[in-house]
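Below is one structure; the comments refer to it alone.
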Amino acid sequence: MLGAMAKKNASDDLLAPVTLAVGQEDLLLDRAVGQVVAAARAADADTDVRDLTPDALPPGALAELVSPSLFSERKVVVVRNAQDLSADTVKDFKAFLAAPVEEITLVLVHAGGAKGKALLDAARKVGAREVACPKMTKPADRLAFVRGEFRAAGCSATPEACQALVDALGSDLRELASACSQLAADIEGPVDEAVVARYYTGRAEATGFEVADFAVTGRAAEALERLRWALAVGQPLPGITFALASGVRAIGKLATAPRNARPGDLARDLGMPPWKIDRVRQQMRGWSADGVSVALRAVAEADAAVKGAAADPAYALEKAVVIIARAARSRG
Amino acid sequence: MTVWDDLIGQNPVIEQLLSAARDADALVTATAAGADAAANTATANALNASKMTHAWLFTGPPGSGRAEAARAFAAALQCVSPDRALGGAPGCGFCDGCHTALVGTHADVEVVATDQLSIGVKDTRDLVRRSAMSPAGGRWQIIVLEDADRLTEGAGNVLLKAVEEPAPRTVWLLCAPSVEDALPTIRSRCRLLTLRTPPVDAVADALMRRDGIAPDLAASVARATRGHIGRARRLATDERARERRAAVLRLPQQFDDIGGCLKAAQSLVDSATEDAKQVAEEVDTKETEEMRAALGAAAGAGSRMPRGTAGVMKDLADRQKRRSTRTQRDTLDLALTDLVGFYRDVLAVQFDSDARIANADHHDAVHRQAATARPENTLRRIEAILACREALDTNVAPLLAVEAMTMALRAG
């Protein structure tokens, strides 16, 4: 399972003198470090592992760490948050990179970005092994991650099961990874949707924009369900009214825009990206002018309610969603 | 020239204040002449009997000059003109006391106004502490709270004790648009003064006399602002303000379709944001630079700040943000007031009333609107605008609130 996702560059020797783990995804960083340590231990069970943060590394400490020991044992030196090293310590590291010691394996864990870039560049110049560990922001990435986890665990899972797992757990990779390993350990045979539903139900993330997308297409039931999830996972309420307002507003703007305008001009006039215009076109089929008027006023009322004007903001939001969904079918 | 000159069309109030100032002056003179110990008890008794009291609440619609009245009264209380001994009224406008009180440099007159959304408990506690001091000049310690309506509920409660039983020579002058804006407990501890909307002619007259505005322009802006002296002066002297007002009054013609409504709302909010940004550019940059210099940072925006100053800078940024919100709301509020004025005119035309049309320069638009709608539509529209002001007050997102209003204006 280890290393299923971490992307590697050409030099695939885990025991390269210098390894760079670059990125901000904690799980992947930990795995990159763990891989090196495991490989070193496999080669020599007595390997000494030093896991250090910048505050444990005053100038000069590195020389002490890497100086040859009497028994010439292997040593793995892991430096976390290498971007925070002080300038003097970075000098030490550069000197070490220029003249590495044979039995030392150095692992630099670096967040990437501009801070502490000098060290990163110096390590790259001497041909360090680099493991990229970027944050996963796209849902598709997370889905691929889950699939990779199952594959690495030697367990087959249906695409629907993977999707259900991602929906239920959200964006924390650690949680996803541990869920995958638990399912792989518990279940004999393929993992399908029913199995995932037995372990995990619900929805970890629901945004106001999803609510709005359902509401403006007139799908009241789905919109209400999504709204309930959004409330349950603690989405900030003003964010939801903002999303509803911008959904209705976009329809109002596009509905009265000239029909035969060029997409580029339209996008500029309405202040919307072109892909959004296409989507809003789809959404505005059932809308009438009065519908926009009624819906927008309902959203304004809900916004006042979530900001303290009403005793039950959740009800106010539900009411607004229902009014919007009804308005979305108002064209006779 | 006396201190009362700036109060336009408020004769009954001036009379009341003048007699109070006379009694207050008599009291100060008597105390100065007599022995201190006996006088202290006498002060309390005399206050009960006289027309002077220790807490006043100035109310009146916006533009009636509440703050000006309070300042004039403060000046009259601090008047040290030698004429008083000969029977002259306090508030000569020339002596040290009057002059410094009016320009805001008198040691015993503290004017509290805020450019933020509200006055909090912390500031008020400090104010209460200062109010307990004896007057440095030996007359009155005066605190003018110009924005008493912006006191938070907590801050109002902090004031209660101090307003009920202040130090012997402390006078509180609170100003608020209406009695309802002050907490009932504050209200009951103050003597109420009600200013009226000054007559349009008086405003026009004042503009001509004091600011040298041409008679035509003075009359038209006085009518357009319906007696709000400050706004009338601003309109008369500031070309940009006139343009903005004209733009706002053109908006009702755009309300025919949904897109027009949305655009109108966007432009209203944009111009308010623009205003706030302009104020921010003028004031905030300078303020930030001064604060950085005071904290010992090198000149230039990018230089490194000394240790431990981040909190102070953050406080300043928060304060600036609140001020910017206030500016934005004030500008929007002004535009909404203009819109209400427009529909008021429409209503006047529809009812064939002999009330004079305020927006004479938009005569055509008013008549067109009056012909196409019924009076009940116009009333509903005015309600919608007022509801929008309320929504803005409860923190509804400005664009959304204004859009909802334009939608309601379209529906009628």
Side-chain angles (χ1 to χ4, degrees), chain A residues 208 212 236-259 261 266 268-272 277 280 284 287-311 313 316-317 320 323-324 327 330-331, chain B residues 117-118 152-154 251-270 273-274 302 304 322 325 328-329 332 336 373 377 380-412:
Chain A
L237 303 186
I240 299 178
T241 51
F242 174 80
L244 291 176
S246 50
V248 178
R249 183 180 300 140
I251 286 168
K253 278 184 179 170
L254 195 59
T256 47
R259 294 245 158 236
L266 209 54
R268 206 183 45 245
D269 284 352
L270 304 181
M272 284 192 257
I277 289 188
V280 176
M284 72 185 208
W287 283 85
S288 64
D290 287 326
V292 173
S293 166
V294 169
L296 204 53
R297 274 190 275 171
V299 177
E301 215 167 284
D303 196 39
V306 303
K307 283 167 180 167
L317 280 171
I323 293 177
I324 294 172
S330 57
R331 187 182 280 178
Chain B
L117 284 173
S118 58
T152 60
E153 193 176 331
L251 287 182
Q253 298 164 27
Q254 286 187 33
F255 292 159
D256 296 334
D257 72 338
I258 295 282
C261 289
L262 291 174
K263 263 197 206 112
Q266 185 78 52
S267 76
L268 266 179
V269 174
D270 281 352
T273 317
E274 186 65 30
R304 185 182 279 271
R322 283 199 292 274
T325 311
Q328 193 188 1
R329 270 193 208 168
L332 263 184
L336 296 186
N377 296 83
R380 267 203 292 276
R381 287 184 170 128
I382 292 177
E383 293 266 295
I385 299 173
L386 298 182
C388 174
R389 291 182 67 178
E390 237 162 71
L392 287 173
D393 218 31
T394 52
N395 235 348
V396 173
L399 182 58
L400 182 55
V402 176
E403 277 172 350
M405 177 195 79
T406 54
M407 293 291 167
L409 290 180
R410 169 183 166 277

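A, B, ... follow the sequence lines: proteins, then strands. Residue 1 opens every chain.
Heavy-atom distances place both the backbone and the side chain of A408(B) under 4.5 Å from chain A. Within the 4.5 angstrom heavy-atom criterion, no atom of E390(B) approaches chain A. With a 4.5 Å cut-off on non-hydrogen atoms, A304(A) touches chain B through its backbone and its side chain both. Neither the backbone nor the side chain of A255(A) has a heavy atom closer than 4.5 Å to any heavy atom of chain B.
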Using the rule given for side chain to side chain contact (heavy atoms under 4.5 Å, CB included), can you reason through L262(B) versus L296(A), listing the C-alpha separation, both sets of side-chain angles and the distance that settles it, and then say yes or no?
CA-CA 10 Å; L262(B) 291 174; L296(A) 204 53; 3.8 Å; yes

Checking side chain to side chain contact (heavy atoms under 4.5 Å, CB included) for the pair V292(A)/M407(B): CA distance, chi angles, key distance, verdict?
CA-CA 9 Å; V292(A) 173; M407(B) 293 291 167; 4.2 Å; yes

Should D290(A) and R410(B) be marked as a salt bridge (Lys or Arg N to Asp or Glu O under 4.0 Å) after you check the CA-CA gap, both sets of side-chain angles, and the distance that decides it?
CA-CA 10 Å; D290(A) 287 326; R410(B) 169 183 166 277; 3.4 Å; yes

After noting the C-alpha distance and the side-chain angles of K307(A) and N395(B), does the key distance pass the side chain to side chain contact (heavy atoms under 4.5 Å, CB included) rule?
CA-CA 7 Å; K307(A) 283 167 180 167; N395(B) 235 348; 4.2 Å; yes

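Scanning residues 242-252 of chain A against chain B with a 4.5 Å heavy-atom cutoff picks out A245(A), R249(A), G252(A), ordered by number.
Tested against V396(B) for a side chain to side chain contact (heavy atoms under 4.5 Å, CB included), the candidates V299(A), V306(A), T241(A), D303(A) yield a single pass: D303(A).
The nearest pair of heavy atoms linking R297(A) to A404(B) is CG-O, 3.5 Å.
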